[in-house]
A.B. asks: 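Below is a structure I'd like to ask you about.
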Protein chains: 2
Amino acid sequence: MKTPILESATRLFARMGYAGTSVQAIADAVGIKKPSLIYWFPSKEALREAVIDDLLSRWNEVLPKVMVAAQGGQDRFQRTLTEVLRFFEEDPDRARLLMREMLDHPDEMQRRLELTLRPWLALVSEYIRLGQRQGRVRPELDPEGWTLNITVLALGTIAAGSVFDQVVGSDGPADFRRRQLDELVRTAHSSLFLDRPASAGAPQESR
Amino acid sequence: MKTPILESATRLFARMGYAGTSVQAIADAVGIKKPSLIYWFPSKEALREAVIDDLLSRWNEVLPKVMVAAQGGQDRFQRTLTEVLRFFEEDPDRARLLMREMLDHPDEMQRRLELTLRPWLALVSEYIRLGQRQGRVRPELDPEGWTLNITVLALGTIAAGSVFDQVVGSDGPADFRRRQLDELVRTAHSSLFLDRPASAGAPQESR
DNA sequence: CCTACCGATCGGTAGG
DNA sequence: CCTACCGATCGGTAGG
């Protein structure tokens with residue numbers, strides 16, 4: 001979030017939604033008057049576009065990191081997933097905002113995600129297909145389907161926040177989100193790789 | 001959706017959001033005047049509550065079906081997941097509405113989901129633990145975490161609709177959502193069960 | 001970046 | 001279920 005206006009707008013749009021946030025509310029959060037805000041951003045709609053431009057450009061900053069993570073062979077999976085999770089955990093408002101934009105403007109988001117996600121998805125899928133040729137990744141897996149599913153799962157889990165914290169019984173009243181995210185990593189791992197031939201006692205990789 | 005009012009309100013709240021839907025817009029969709037709508041539902045807020053009451057009560061109608069599906073041993077997994085997917089696919093607005101409510105009113109939804117989901121989650125988790133004792137389900141899997149993750153994934157994928165359709169490259173311009181949902185089932189299956197000992201050639205179960 | 005202001009729409013009421 | 005109406009708030013402009 002570069003400017004204070006963009007910062008407040010992002011936070012409010014993510015938490016209250018675009019229609020649920022008035023220009024007045026953003027101005028109040030920033031500490032200026034409404035017409036002053038309209039001076040910097042000519043309309044509420046322009047502010048919305050700036051907010052999601054900012055969000056998607058930050059996703060694009062993550063891409064290079066993932067590319068770098070493409071060096072080592074085996075932990076490429078771990079590093080990529082970690083990067084995606086970090087992106088949303090670093091600021092859960094990103095997940096909320098993306099989810100809201102997909103709901104509010106599906107057609108626009110379809111266009112924007114095509115540009116933003118396609119190169120990344122193609123790269124990750126290529127690695128997965130390589131793993132399939134090497135016999136390490138499950139052959140029946142759909143690389144694009146799997147990758148987007150894990151991404152949607154990360155997005156949804158983090159956007160949902162603590163809504164599920166009380167759904168589990170008496171055993172774990174504490175931070176259930178951590179459990180969900182740990183299980184996400186385990187699910188991603190075990191649904192991606194073929195189990196090892198049976199040499200060791202099927203231990204799990206370190207996280 | 002019993003009444004026409006509830007039907008239109010559900011549709012509009014799901015697609016435009018609560019704040020993005022005016023009472024006037026709902027009245028127009030129904031074909032009555034605004035004060036007439038306020039006669040049946042004393043406030044917009046009352047209408048929202050009725051809409052999500054209706055949605056969650058329909059989820060509760062699914063519960064018995066899942067209980068019944070608890071007869072056969074092996075395909076219990078398949079039937080339960082199919083039921084959850086059917087619930088959202090039958091009317092994608094359910095997924096959108098739930099997602100929006102989790103974003104708009106996280107505290108209220110936390111309370112409501114505790115009541116609605118807890119018995120269902122406890123039952124499914126119990127079956128999973130049984131499978132773990134029988135050595136069919138992966139021992140390191142977190143039953144509650146896994147179940148909620150798969151549910152969130154179904155919710156998110158269906159709420160997202162066709163936003164990802166253009167993200168895949170040239171190969172499949174057609175219905176990518178189907179691929180995503182098929183891969184969801186495969187991911188759920190392979191992350192839940194231990195792979196078979198190695199007798200057959202690791203075929204996949206029929207769907 | 002501000003004060004002053006505008007037409008349109010908001011959720012909701014009065015009264016029948 | 002309607003007509004008529006209300007105060008409050010909406011996004012945005014004029015003019016400095």
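Note: hydrogens, waters and symmetry copies are ignored here, and every other heavy atom, side chains too, is used. In what follows, chains carry the letters A, B, and so on, assigned in the order in which the sequence lines appear, proteins first and then strands, with residues in each chain numbered from 1.
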A.B. asks: Provide, to the nearest angstrom, the distance between the CG atom belonging to Leu37(A) and the C1' atom belonging to dT3(C).
C.D. replies: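 Taking CG of Leu37(A) and C1' of dT3(C), I get 16 Å after rounding.
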A.B. asks: Tell me whether the centres of the aromatic rings in Phe193(B) and Phe77(B) are closer together than 6.0 Å.
C.D. replies: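 Yes, ring centres under 6.0 Å apart.
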A.B. asks: Would you mind reading off the distance between Lys44(B) atom NZ and dT13(C) atom P, rounded to a whole angstrom?
C.D. replies: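 Between P of dT13(C) and NZ of Lys44(B): 15 Å.
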A.B. asks: Taking CD1 from Ile38(A) and C1' from dT3(C), how many angstroms apart are they, rounded to a whole number?
C.D. replies: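 Checked: the CD1 to C1' distance equals 16 Å.
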A.B. asks: Distance check: side-chain N/O of Ser43(A) vs OP1/OP2 of dG11(D), anything under 4.0 Å?
C.D. replies: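 Ser43(A) to dG11(D) OP1/OP2: no side-chain N or O under 4.0 Å.
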A.B. asks: Pairing donors with acceptors under 3.5 angstrom, does anything connect the side chains of Arg129(A) and Ser125(A)?
C.D. replies: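 Checked: Arg129(A)/Ser125(A) side chains show no N/O donor-acceptor pair below 3.5 Å.
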A.B. asks: Can you check whether Ser43(A)'s main-chain N or O pairs, donor with acceptor, with Arg48(A)'s side chain at less than 3.5 Å?
C.D. replies: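 Looks like no, no N/O pair under 3.5 Å.
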A.B. asks: Treat a base pair as Watson-Crick or G-U wobble with both distances under 3.5 Å, then lay out DNA chain D in dot-bracket form, 5' to 3', with | for cross-strand pairs.
C.D. replies: ||||||||||||||||
A.B. asks: Can you name the residues that form a ring pair (Phe, Tyr, Trp, His ring centres under 6.0 Å) with Tyr18(B), not counting sequence neighbours?
C.D. replies: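 In terms of ring pair (Phe, Tyr, Trp, His ring centres under 6.0 Å), with neighbours along the sequence ignored, Tyr18(B) is linked to Phe13(B).
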A.B. asks: With no hydrogens and no angle check, is any side-chain donor or acceptor of Thr21(B) less than 3.5 Å from a backbone partner on Leu12(B)?
C.D. replies: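 Between the backbone of Leu12(B) and the side chain of Thr21(B) there is a qualifying donor-acceptor contact (under 3.5 Å).
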A.B. asks: From CD1 of Ile32(B) over to P of dC1(D), roughly how many Å is that when rounded to an integer?
C.D. replies: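 Spelled out: CD1 on Ile32(B) to P on dC1(D) is 5 Å.
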A.B. asks: Expressed in angstrom and rounded to an integer, what is the separation of Phe41(B) atom CZ from dG11(C) atom P?
C.D. replies: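 Going from Phe41(B) (CZ) to dG11(C) (P), I get 16 Å.
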A.B. asks: Short of 4.0 Å, heavy atom to strand atom, which residues of residues 11-31 of chain B count as contacting DNA chain D?
C.D. replies: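 Contacts with DNA chain D under 4.0 Å: none.
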A.B. asks: Spell out, as yes or no, whether a donor-acceptor pair under 3.5 Å connects the side chain of Ser162(A) to the backbone of Asp165(A).
C.D. replies: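 No; judged by distance alone, with no hydrogens or angles, the pair does not exist.
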A.B. asks: Can any side-chain N or O of Ser8(B) pair as donor or acceptor with the backbone N or O of Ile5(B) at less than 3.5 Å?
C.D. replies: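 No, because the side chain of Ser8(B) does not come within donor-acceptor range (under 3.5 Å) of the backbone of Ile5(B).
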A.B. asks: Return whichever of Tyr39(A) or Lys33(B) has its heavy-atom-nearest nucleotide of DNA chain D closer to the 5' end.
C.D. replies: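 Its nearest nucleotide being more 5', the pick is Lys33(B).
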A.B. asks: Per the atom types in the model, does the base of dG12(D) pair as donor or acceptor with the side chain of Lys34(A) at under 3.5 Å?
C.D. replies: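 Checked by distance alone, the answer is yes.
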A.B. asks: Return the CD1 to CD distance between Ile52(A) and Glu101(A), rounded to the nearest 0.5 Å.
C.D. replies: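 Ile52(A) atom CD1 to Glu101(A) atom CD measures 5.5 Å (nearest 0.5 Å).
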A.B. asks: Please determine which of Ile26(B), Leu47(B), Val23(B) meets the side-chain contact (heavy atoms from CB on, under 4.5 Å) test together with Phe41(B).
C.D. replies: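 Only one option passes, and that is Leu47(B).
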